[in-house]
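Okay, structure first, notes after.
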Protein chains: 2
Amino acid sequence: MKSSPAAEPACGAALDGPDLRAVEGPEADAELAEFAKALGHPARVRILRLLVRKNACICGQIVDELPLAQSTVSQHLKVLKESGLIRGEVSGPRTCYCIEPRALRRLKALIGSV
Amino acid sequence: MKSSPAAEPACGAALDGPDLRAVEGPEADAELAEFAKALGHPARVRILRLLVRKNACICGQIVDELPLAQSTVSQHLKVLKESGLIRGEVSGPRTCYCIEPRALRRLKALIGSV
DNA sequence: AGATTTCATCGGCGATCCACGATAAATAAC
DNA sequence: GTTATTTATCGTGGATCGCCGATGAAATCT
């Protein structure tokens, strides 16, 4: 499989160099708290995992996977988007969501630092 | 330094083998969400870092480090304790808090799995 | 144009969070 | 026994969350 870094182009993940920001200090604490709050609900953890596995996902598919109303799922998606962990791209009447690999790596670095 | 696994006995961290629980699935999602919610506030991130650095800490010392009322800090400590990430041990009129390494490792494993 | 599909947003309800001061409980010190 | 110290808990107010149905906005289909 060569485990290619990105099987598909997904939505439009930005190209990325190494992360320069500090991993501790008040800034980093607030950043980590922000990420953590976004992950502080099982549905959002689930969504994030879905997006990691499938690389990209139409909103409707996500709604189908969760036992929640469409509006509720949309709210959760908004929270994740505002945290920077995912990105949403409108394409026609649909919206395609995908993870933001840079943010996810940043989260892991922050967690790794505590 | 030999980098001993535990420089001090700290509060009373339980001895621990490898973690057997699954790292994904509904169970794990709820577990991760629980941890994340506990870390979803800068003050709690700060407290966790304090405890990691100092290995153990009296409540009063933590209060001194934060720009919050004593009662508020006590609430945050309670949240962290209920999440399992830290442990508190009463010793005389004081309470000594320390991290629960097993839970912290578990959190890192869960984050690493997404 | 009109109808349909897809998603975001609004409004509302109950629950939870965050902050604080005040008070209680437990131990230590005198 | 009294007083001080240290921490937990209570009560409260304002903010935010989580959920839903209903509505709105935008593109597609017929």
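Note that this is a predicted model, so its numbers are computed, not measured. These numbers come from the heavy atoms of this one structure, side chains and all, not from hydrogens, waters or symmetry mates. Throughout, protein chains are lettered first and strands after them, A, B, ... in sequence-line order, and every chain is numbered starting at 1.
Contact annotation for B:Ser74: base contact, defined as any heavy-atom pair under 4.0 Å involving a base atom. Residue A:Leu68 is in sugar-phosphate contact alone, with no base atom involved, counting any heavy-atom pair closer than 4.0 Å across all strands shown.
Running 5' to 3' along DNA chain D, contacts with non-hydrogen atoms of chain A at under 4.0 Å begin and end at D:dG18 to D:dT28.
Note on B:Thr72: every side-chain N or O is 4.0 Å or more away from OP1 and OP2 of C:dA19. Contact annotation: B:His41 reaches the phosphate of C:dA19 (side-chain N/O to OP1 or OP2, under 4.0 Å).
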Practice task
Let me see the working for B:Ser83 and B:Arg44 under side chain to side chain donor-acceptor pair (under 3.5 Å), right down to the final yes or no.
Solution key: CA-CA 11 Å; B:Ser83 81; B:Arg44 294 197 287 266; over 6 Å; no
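Ion pairing between B:Arg105 and B:Asp19 fails under the 4.0 Å rule for side-chain N and carboxylate O. With respect to B:Glu65 and B:Arg46, a salt bridge is recorded, a charged nitrogen being found less than 4.0 Å from a carboxylate O.
With the nearest nucleotide of DNA chain C identified for both A:Lys37 and A:Lys81, A:Lys81 has the one nearer the 5' end. Remark on DNA chain D: of its neighbouring residues A:Ser91 and A:Pro67, the 5'-side contact belongs to A:Pro67, judged by nearest-heavy-atom nucleotide.
For A:Gln75, taking side-chain heavy atoms from C-beta onward, the closest of the listed nucleotides C:dC7, C:dG11, C:dA22 is C:dG11.
Taking each heavy atom of A:Leu50 and A:Ile62 in turn, the nearest pair found is CD1-CG2, 4.5 Å.
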